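Keep in mind that this is a model prediction, so the values were computed, not measured. Chain naming here is simple, since letters A, B, ... match the order of the sequence lines and numbering starts at 1 in each.
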There are 2 protein chains.
Amino acid sequence: MGVMGVRKAQAAETEEALKAAARREFAERGYLNTKVTDITAAADRATGSFYQHFAGKEELLQALLADMHAQAGATFDDGGHPPHDLTDPAQLREHLAAGWGVMRDNRAVMTALFESAMAAGPASGALWERLAADTSMLREHLEFLQDRGDALPGDPTLIAAAIGGMLAMLAYALLPADPDAPAPAGQTAYSDAQILSTLTDLLSHGLAGPAACPPAPQ
Amino acid sequence: MGVMGVRKAQAAETEEALKAAARREFAERGYLNTKVTDITAAADRATGSFYQHFAGKEELLQALLADMHAQAGATFDDGGHPPHDLTDPAQLREHLAAGWGVMRDNRAVMTALFESAMAAGPASGALWERLAADTSMLREHLEFLQDRGDALPGDPTLIAAAIGGMLAMLAYALLPADPDAPAPAGQTAYSDAQILSTLTDLLSHGLAGPAACPPAPQ
DNA sequence: GTCTATATACAGATAGAC
DNA sequence: GTCTATCTGTATATAGAC
């Protein structure tokens, strides 16, 4: 095998530059508001070059998703997947924290995926597919509980989608593009810890709260 | 005062036809995918007439929202607003059912509002404003509980937004454009009752479930 | 007020030189 | 492979007759 061609290396560099620029632009302006020319301009490349690498904006987004999966896969493979017992608040919090972390670390891509799914319209089913795909792990944990004999509030797929949708909506609405930016006017800034603690508590014990069950000596 | 001008009446008729057509089109194709010409065609009106009534698609959506508020206001005023005790599963269910019913009855407008908010991008804060606006009543009920001395999982505004976001996401993903249409392939059809029961149970007692608190005779 | 016809604007995508 | 320049398609909005 000969040395890698200079042109091939340059191509890879350009493709990476385009993807990096896309992540920046998506985070700042949102996926739908970002034009292909915004991306090429931010990457200091010509418009025509874009189509040498991607068939369009949607395909670029899919590439970003693939990158994310590859990265997440590597991360998760290190730790392995012991089936969590989500009825344990500590383990639930851990799971929610993992999901929230993915949202935070890949905010641009995640929000872009949701914008894209919503732009397809309700009838397309794209949003449901997105929810189902992003909550498959959560669903499996719930099915594990169900197989164990626990009484769940309902169908595991539905519960998982509900929780995932809540997480996604809050991430979209609350995660700042720039973590160091000042809080947007008129909007309370919630810390990650505050959000996680609220969701964990809500999903563990519900609104009735642990107070609803007196520590009876049975 | 003289009789209402014929032209004025015709204008009102056209405006109503445009709004009705918009609701249909939004429900079928989604807000973002619906073009002004789609609306005028569905209403059997000329493109130019549209701008006699609305400055643009966004303004039309605001008009639909105003109509919805007027209608909802009338409905709610009949019943009055006794502060609900959301720690009571029955009252929580009732509240969720009311919210879900609004989503269902105004699916086209509600989904359009969320599409519009998401199209504005995450940085705009539009989605958070939407969530906050649509869950103000829920927030008040939670504040009522807080004032009463109950320990909530967190900030009432945040909890309300989380629940509202979950509801909105599920409504967008699961509510069919045509209630009588066959279930979309590969997608389980959930009944309203099933969804409400699942959410009520989840939000009342959480994943730990009522099983976590034995029915002690106190 | 409503219509037909048209102007404006711009995003997406391509052609051909280098 | 990258660039500049351009073409095409399409959505928005307006002009002017009726």
Checklist outcome for this item: For B:Arg45, the side chain to side chain donor-acceptor pair (under 3.5 Å) test, sequence neighbours excluded, returns B:Thr14

Item to check | Set of residues satisfying ring pair (Phe, Tyr, Trp, His ring centres under 6.0 Å) with respect to A:Phe114, sequence neighbours excluded | outcome: none

Next on the checklist: Measuring to OP1 and OP2 of D:dG1, would you say a side-chain N or O of A:His53 lies under 4.0 angstrom away?
Outcome noted: no

Item to check | Distance in angstrom units between A:Leu18 CG and D:dG1 P, rounded | outcome: 13 Å

Next on the checklist: Once ring pair (Phe, Tyr, Trp, His ring centres under 6.0 Å) is applied, do any residues pair with B:His95, and if so which ones, sequence neighbours excluded?
Outcome noted: B:His84, B:His141

Next on the checklist: If the cut-off is 4.0 Å, is B:Gln52 near the phosphate of C:dG1, judged by side-chain N/O to OP1 or OP2?
Outcome noted: yes

Item to check | For A:Gln91, all residues meeting side chain to side chain donor-acceptor pair (under 3.5 Å), sequence neighbours excluded | outcome: A:Asp88

Item to check | A:Asp44 CG - D:dG1 C1' separation (whole Å) | outcome: 16 Å

Item to check | For DNA chain D, the residues among residues 20-33 of chain B that have a non-hydrogen atom under 4.0 Å from it | outcome: none

Could you list all N or O pairs between the protein and nucleotides 6-16 of chain C that sit under 3.5 Å apart?
| unit_1 | atom_1 | unit_2 | atom_2 | d |
| --- | --- | --- | --- | --- |
| C:dG12 | OP2 | A:Val36 | N | 3.3 |

Checklist entry - Given C:dG1, is OP1 or OP2 found less than 4.0 Å from the side-chain N or O atoms of B:Gln10? => result no

Checklist entry - Counting just side-chain N and O atoms, does A:Ser49 come under 4.0 Å of either OP1 or OP2 of D:dC3? => result yes

Next on the checklist: What is the separation between atom CD on B:Glu58 and atom P on D:dT12, rounded to the nearest whole Å?
Outcome noted: 12 Å

Sequence neighbours excluded and cut-off under 3.5 Å, please list the side-chain donor-acceptor pairs for residues 115-122 of chain B, or say none.
| unit_1 | atom_1 | unit_2 | atom_2 | d |
| --- | --- | --- | --- | --- |
| B:Glu115 | OE1 | B:Tyr31 | N | 3.1 |
| B:Glu115 | OE1 | B:Leu32 | N | 2.9 |
| B:Glu115 | OE2 | B:Tyr31 | N | 3.3 |
| B:Glu115 | OE2 | B:Tyr172 | OH | 2.8 |
| B:Ser116 | OG | B:Glu58 | OE1 | 3.1 |

Next on the checklist: Tell me whether A:Arg23 is salt-bridged to A:Glu16, with the criterion being a basic N under 4.0 Å from an acidic carboxylate O.
Outcome noted: yes

Checklist entry - Can you list the residues that meet the side chain to side chain donor-acceptor pair (under 3.5 Å) rule with A:Glu28, with sequence neighbours excluded? => result none

Next on the checklist: Just to verify, what does A:Asp105 make a side chain to side chain donor-acceptor pair (under 3.5 Å) with, not counting sequence neighbours?
Outcome noted: none

